[in-house]
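Below is one structure, written out as structure tokens, with a few remarks after it.
All residue numbers refer to positions in the sequence shown, counting from 1. Just so it is clear, the model here is predicted, and its values are computed rather than measured.
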Amino acid sequence: FRLVLCFYPMLLLLRLFKSFAAPPRLPVVTDTVKFAYQDLLRFGLVSVAVIACLCLNAVLLFGRDVEAFGKFASLFAQLFSDAFRRLGLGSHGYLMLLMKLWFTV
């Protein structure tokens, strides 16, 4: 049931992209995303794999000694939010809320 709930927001996002093509200036955004989707997907996949590997190493090495490194899921969310914060995206409260909601589902 959770898996089905996970796909519904993606379906809504695709419908939004379809509606963005109607005004004259917004197709520039959707065309850019269409053109770069493979690169964005590969970047996301590599980023998640690197962060997951670092989290697994941290849990295995320091999980018993440091409480913050005890659980893989919480450490993954913390590392991901730290990465966004270092990019300058951490000052927006709604972005942090969306990331926390995404990783708790």
Where G70 and V59 come nearest, the two heavy atoms and their spacing: O-CG1, 4.2 Å
Name all residues meeting the side-chain contact (heavy atoms from CB on, under 4.5 Å) criterion together with V50; count only those two or more places apart in sequence or in a different chain, and write none if there are none. V46, L54
Determine, using the 4.5 Å side-chain heavy-atom cutoff (strictly less than), whether F72 and L61 are members of one ILVMFWY cluster. yes
For F62, what residues pass the side-chain contact (heavy atoms from CB on, under 4.5 Å) criterion, not counting sequence neighbours? V66, F69
With a 4.5 Å cut-off on side-chain heavy-atom distances among I, L, V, M, F, W and Y, is there a chain of contacts connecting I51 to V48? yes
Which heavy-atom pair separates L79 from C55 by the least distance, and what is that distance? CD1-SG, 3.3 Å
